[in-house]
Number of protein chains: 2
Amino acid sequence: MPGRRNVGSPWWHGRFRGGGYRLTVPRQAILNVLSRTSRHLSAEDIYLEVHKVHPHVGLTTVYRTLELLAEMGMIFKFDFGDGRARYELSEGPKSAHHHHLICTGCRRVIDYSGFMDEELEFLKRAEKGLAKKYDFEIKSHLIQFYGLCDKCRKKKAA
Amino acid sequence: MPGRRNVGSPWWHGRFRGGGYRLTVPRQAILNVLSRTSRHLSAEDIYLEVHKVHPHVGLTTVYRTLELLAEMGMIFKFDFGDGRARYELSEGPKSAHHHHLICTGCRRVIDYSGFMDEELEFLKRAEKGLAKKYDFEIKSHLIQFYGLCDKCRKKKAA
DNA sequence: TTGATAATGAAAATCGTTTTCAATAAGGAG
DNA sequence: CTCCTTATTGAAAACGATTTTCATTATCAA
């Protein structure tokens with residue numbers, strides 16, 4: 001198959017070799033799913049999506065891979081309060097640094113990425129201060145806003 | 001028992017009457033536990049603590065009460081990533097507005113309440129902007145920092 | 001091509017949390 | 001103070017997301 005040597009070998013391949021990990025079919029499939037969506041997928045969402053192409057891949061492997069990817073820093077794991085974890089690619093073409101607005105009415109999650117200047121300013125100061133005050137090295141942060149989206153606000157008013 | 005009329009009747013009593021809720025022994029016990037600690041208690045922690053004084057109070061009731069208190073806004077529910085929810089009184093004598101530093105090494109959680117000026121500034125702008133941009137009414141926010149505490153950093157270096 | 005071993009899948013186990021349902025108790029009415 | 005309505009409770013069972021077990025398979029360095 002000339003010219004196909006690199007099919008299925010995108011930007012993340014090098015990451016695995018480094019850690020002594022193997023780049024397997026299920027792992028590639030899971031990364032593919034994550035890199036193609038901007039939704040906030042649960043393990044089962046990912047499993048179902050992978051299952052369309054690779055019916056033999058089990059849910060267990062999805063969980064294991066997600067754990068590994070999170071450890072490697074390639075994905076983020078979120079808790080939006082509905083009892084199941086959600087996953088997002090932490091880098092790559094599609095993903096920009098962002099946070100989440102969570103509607104407590106309908107559980108809808110809105111990504112937002114504005115106000116990053118203010119945020120950066122705040123974080124820079126906070127992280128520096130915290131590092132000194134508590135001798136704590138900050139690696140990452142989580143910011144989430146809770147409230148009511150337009151629809152739920154109207155529903156409540158009615 | 002003269003003089004004991006108000007024992008077990010602290011500041012939160014009024015809150016229940018208003019909502020049509022009953023102020024029961026288990027609820028008081030749970031609130032007492034929460035108001036006496038500055039730790040981040042899980043449902044089971046609270047259950048065990050309540051159990052010392054009221055052995056008949058069940059874990060189910062603890063969960064139900066915590067859910068109610070969270071709904072009423074009297075407590076906050078946190079997820080520090082260890083698979084069990086943690087609870088904190090949201091107001092009262094002991095509690096000031098604060099956030100959490102979570103050590104990903106040993107799972108220790110440090111409260112911090114400094115840098116609130118910067119935070120307030122950031123939040124004010126963010127909330128105003130988000131409200132306008134997404135027609136979203138922000139009710140609350142969650143900020144958590146992840147990293148390594150001094151001990152885990154030293155352990156890692158060794 | 002081969003071998004060591006990392007990775008996998010199916011099923012069972014785990015474990016925090018929720019539901020069920022009959023029994024109990026809070027607190028307003030009388 | 002007593003009675004009555006019904007919110008609340010406790011024990012046990014159910015639930016559901018995630019993890020573990022263990023025998024089998026597949027990756028990839030030599």
Side-chain angles (χ1 to χ4, degrees), chain A residues 5-6 8-9 12-31 40-48 50-72 74-75 77-87 107, chain B residues 5-9 12-31 40-48 50-51 53-72 74-75 77-87 107:
Chain A
R5 188 177 313 172
N6 278 322
S9 297
W12 57 65
H13 275 220
R15 297 292 218 103
F16 283 86
R17 302 290 163 79
Y21 302 115
R22 294 177 181 175
L23 188 42
T24 64
V25 170
R27 288 176 182 176
Q28 295 189 59
I30 289 164
L31 278 166
H40 311 98
L41 300 178
S42 68
E44 190 173 4
D45 292 336
I46 295 167
Y47 165 73
L48 290 173
V50 168
H51 192 267
K52 291 178 186 170
V53 184
H54 302 282
H56 60 92
V57 173
L59 181 55
T60 306
T61 296
V62 173
Y63 274 108
R64 276 190 290 231
T65 300
L66 291 172
E67 188 186 3
L68 173 66
L69 295 175
E71 259 179 44
M72 296 172 70
M74 295 178 69
I75 63 174
K77 181 180 182 179
F78 292 100
D79 167 36
F80 295 148
D82 66 342
R84 61 187 64 192
R86 306 289 173 150
Y87 301 87
R107 296 237 148 272
Chain B
R5 190 180 309 173
N6 278 321
V7 168
S9 296
W12 57 65
H13 276 218
R15 297 292 217 103
F16 283 87
R17 303 288 165 77
Y21 302 115
R22 293 178 182 175
L23 189 41
T24 65
V25 169
R27 287 177 182 174
Q28 295 189 58
I30 290 164
L31 278 166
H40 311 99
L41 301 177
S42 68
E44 191 174 6
D45 293 335
I46 295 166
Y47 164 72
L48 290 173
V50 167
H51 192 266
V53 184
H54 302 281
H56 58 92
V57 173
L59 182 55
T60 307
T61 296
V62 173
Y63 274 109
R64 275 190 291 229
T65 300
L66 291 172
E67 189 187 2
L68 173 65
L69 294 176
E71 260 178 42
M72 294 172 72
M74 296 177 69
I75 63 175
K77 181 180 182 180
F78 292 101
D79 167 37
F80 295 148
D82 66 342
R84 61 188 62 194
R86 306 288 173 151
Y87 301 87
R107 296 237 147 273

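Here is how names work: the chains are called A, B, and so on, in the same order as the sequence lines, proteins then strands, and each is numbered from 1.
Nearest-nucleotide mapping onto DNA chain C: of B:Arg17 and A:Tyr21, the residue sitting toward the 5' end is A:Tyr21. Between B:Ser42 and B:Val25, it is B:Ser42 whose nearest contact on DNA chain C lies nearer the 5' terminus.
Of all the residues in residues 80-87 of chain A, A:Gly83, A:Arg84, A:Ala85 reach under 4.0 Å from DNA chain D with at least one non-hydrogen atom.
Considering only residues two or more places apart in sequence or on other chains, A:Arg107 meets the salt bridge (Lys or Arg N to Asp or Glu O under 4.0 Å) condition with none of them. Considering only residues two or more places apart in sequence or on other chains, A:Arg15 meets the side-chain hydrogen bond (donor to acceptor under 3.5 Å, both in side chains) condition with A:Glu91. Every ring pair (Phe, Tyr, Trp, His ring centres under 6.0 Å) that A:Phe78 has, sequence neighbours left out, goes to A:Phe80, A:His100. Listed by chain and number, the residues in a side-chain contact (heavy atoms from CB on, under 4.5 Å) with A:Tyr87 are A:Leu34, A:Ala43, A:Ile46, A:Leu66, A:Ile75, A:Lys77, A:Ala85 (sequence neighbours excluded). For B:Leu68, the side-chain contact (heavy atoms from CB on, under 4.5 Å) test picks out B:Phe16, B:Tyr21, B:Arg27, B:Met72, with sequence neighbours left out. Looking at residues two or more places apart in sequence or on another chain, you find no salt bridge (Lys or Arg N to Asp or Glu O under 4.0 Å) involving B:Arg22. The salt bridge (Lys or Arg N to Asp or Glu O under 4.0 Å) search around A:Arg86 returns A:Asp45, A:Asp82, not counting sequence neighbours.
Overall bending of the helix from C:dT1-D:dA30 to C:dG30-D:dC1, expressed as the angle between end axes built from five pairs apiece, is 40° (10° steps).
To the nearest angstrom, P of C:dG28 lies 11 Å from CG of B:Leu23. Rounded to an integer number of Å, the gap from CZ of B:Arg27 to P of C:dA25 is 15 Å. Rounded to whole angstrom, the span from the CD atom of B:Glu67 across to the C1' atom of C:dT19 amounts to 11 Å. Here C:dT8 presents its P atom at 11 Å from CD of A:Gln28, a figure rounded to the nearest Å. Note: CG (B:Leu59) to C1' (C:dT17) measures 8 Å, nearest angstrom. Distance, A:Leu68 CG to C:dT8 C1': 13 Å, rounded to whole Å.
Minimum heavy-atom separation, A:Thr61 to A:Ile30: O-CD1, 4.3 Å.
Sorted by first and then second residue, the salt bridge (charged side-chain N to carboxylate O under 4.0 Å, His left out) pairs involving residues 60-72 of chain A (not counting sequence neighbours) form an empty list.
Residue contacts for A:Thr60: at a heavy-atom cut-off of 4.0 Å it reaches a base atom on one of the strands shown. Counting non-hydrogen atoms under 4.0 angstrom, A:Arg64 reaches a base of the nucleic acid.
At the phosphate of C:dT17, OP1 or OP2 sits under 4.0 Å from a side-chain N or O atom of B:Tyr63. Remark: A:His56 is not in phosphate contact with C:dT8, judged by side-chain N or O atoms under 4.0 Å from OP1 or OP2.
First and last contacts of DNA chain D with chain A, using any nucleotide atom under 4.0 Å from a protein heavy atom and ordered 5' to 3', fall at D:dA17 to D:dC28.
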Anything under 3.5 Å between a protein N or O and an N or O of nucleotides 3-5 of chain C, put it in a table, one pair a line.
residue	atom	partner	partner atom	Å
C:dT5	O2	A:Arg22	NH1	3.3
C:dT5	O2	A:Arg22	NH2	3.4

